[in-house]
Amino acid sequence: MTAAAGPQQAAHPSPGRLFVLSGPSGVGKSTVLARLRTVLSTLWLSVSVTTRPPRPGDVEGVTYYFVSPERFAELAAGGELLEWAEFAGNLYGTPRRAVLEHIAAGQDVLLEIDVQGARQVRDALAGSAELRPVLIFLAPPSYEELARRLIGRGTESAEIREARLQAARDELAAEPEFDHTVVNHDVEAAVQTLLDLVADQRLR
Ligand code: ADP
Ligand code: 5GP
């Protein structure tokens, strides 16, 4: 089995750390993580399930597992999601087992989820010092720049974009709940800050 296909093998690994990255839609989370993935192969990025239809460029099993609302309800009812939330009209959730298995195998894991999900993960794992997640907020340089990026991406109708910008106001207000804020002025600089945060946790 290759290391990339599943949790890395070790006799008695110390558990990995759990990182949660949140931030308003359009701030650049996917862009920053795509770059981070190329320079930090040891970090396992969780793949969420969603009922949102695929966007151009989305890849099944890489960006998301795209499922029907019925399948999503089954997964949630069966306790298979570590957290889940509705965001701008679609459901999103984190498959529980893969996350816990990678952490137990000593691998650092990153969840890219919305603020509601970040709160759930924080609360669900509050009792475990080992699993306490490191919460990171990716912030835009300004609200105007966020709106520019969302419009520039051009993947949403005006109505859905408006719902996302509305949600962004609430998400921006949640920033103080996070352990760290990274401002995404520039992708390379944001990636470097994330690398530093991951390395810093490893030294603890
Ligand atoms: P999210 O995943 O947070 O919704 P995306 O990664 O899709 O956001 O980025 C939204 C848009 O902003 C994309 O068009 C992307 O190319 C652009 N973008 C991302 N980071 C930056 C940046 N630092 N400066 C300028 N544009 C950016
Ligand atoms: P998008 O549709 O742009 O890919 O994602 C919309 C929002 O859903 C983003 O804020 C993203 O972080 C969030 N999201 C993606 N996966 C999950 C998940 O598994 N759980 C939660 N709570 N939010 C998620």
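Since the structure is predicted, the reported quantities are computational estimates derived from the model, not experimental observations. When a ligand or atom number is given, it counts from 1 through the structure's own listing order.
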Per atom 24 (C) of ligand 2, closest listed option by heavy atom (Tyr65, Trp84, Tyr92) | Tyr92
Can an N or O of Glu112 be found at a distance shorter than 3.5 Å from an N or O of ligand 2?
-> yes
Using a heavy-atom cut-off of under 4.0 Å, does the side chain or the backbone of Gln120 touch ligand 2, or both, or neither?
-> neither
contact_flag Gln116 ligand 2 heavy-atom lt 4.0 Å | no
Can any side-chain N or O of Ser46 pair as donor or acceptor with the backbone N or O of Leu110 at less than 3.5 Å?
-> no
How close does the nearest protein non-hydrogen atom get to atom 20 (N) of ligand 1, and which residue and atom is it?
-> Asn184 ND2, 3.1 Å
So which heavy atom on Thr94 is nearest to which on Ser48, and how close?
-> OG1-OG, 4.3 Å
Are Glu177 and Arg122 within salt-bridge range, i.e. N to O under 4.0 Å?
-> yes
The closest protein heavy-atom partner of atom 8 (O) of ligand 1 is Gly28 N, 3.1 Å
Is there at least one pair of N or O atoms, one from Arg55 and one from ligand 2, spaced under 3.5 Å apart?
-> yes
Ligand 1 contact by His185, heavy-atom criterion under 4.0 angstrom | yes
If you measure from each non-hydrogen atom of Phe87 to ligand 2, which part falls under 4.0 Å: side chain, backbone, both or neither?
-> side chain
Please report which non-hydrogen protein atom sits nearest to atom 20 (N) of ligand 2, along with the residue it belongs to and the distance in Å to one decimal place.
-> Glu83 OE2, 2.7 Å
Hey, is the main chain of Ile113 close enough, under 3.5 Å, to the side chain of Ser22 for a donor-acceptor pair?
-> yes
Measure up the Tyr92 and Phe87 rings against each other and bin them: parallel (under 30°), tilted (30 to 60°), perpendicular (over 60°).
-> perpendicular
Atom 3 (O) of ligand 2 - nearest protein heavy atom and its distance = Arg164 NH1, 2.8 Å
Reference residue Ser25; test side chain to side chain donor-acceptor pair (under 3.5 Å); the match among Arg164, Arg161, Glu156 | Arg164
May I ask whether Gly152 places a heavy atom under 4.0 Å from ligand 1?
-> no
Quick one: which ligand 2 atoms are inside 4.0 Å of a heavy atom on Tyr64?
-> 1 (P), 4 (O), 5 (O), 15 (C), 16 (N)
Nearest-option assignment for atom 25 (C) of ligand 1, heavy atoms, candidates Arg35, Arg149, Arg153 = Arg149
Do Asp114 and ligand 2 have an N or O pair less than 3.5 Å apart?
-> yes
Arg35 and Glu188 ion-paired at < 4.0 Å | yes
Is any N or O atom of Ser30, backbone or side chain, closer than 3.5 Å to an N or O atom of ligand 1?
-> yes
For the pair Thr50 (side chain) and Arg52 (backbone), establish whether a donor and an acceptor sit closer than 3.5 Å, ignoring hydrogens and angles.
-> yes
the protein heavy atom lying closest to atom 6 (O) of ligand 1 turns out to be Thr31 OG1, 2.6 Å
Give a yes or no on whether a salt bridge exists between Glu145 and Arg149, defined as a side-chain N under 4.0 angstrom from a carboxylate O.
-> yes
Minimum non-hydrogen distance to atom 10 (C) of ligand 1, winning option of Pro24, Ser22, Gly26 = Gly26
For Pro69 and Thr51, which heavy atoms make the closest approach, and how far apart are they?
-> CA-CG2, 3.8 Å
Compare every heavy atom of Val115 with every heavy atom of Ala174, then report the nearest pair and how far apart it is.
-> CB-CG1, 3.6 Å
Least distance between heavy atoms, Pro24 atom then Phe137 atom = CD-CZ, 3.8 Å
Should the proximity of Leu138 to ligand 1, defined as any heavy atom under 4.0 Å, be assigned to the side chain, the backbone, both, or neither?
-> neither
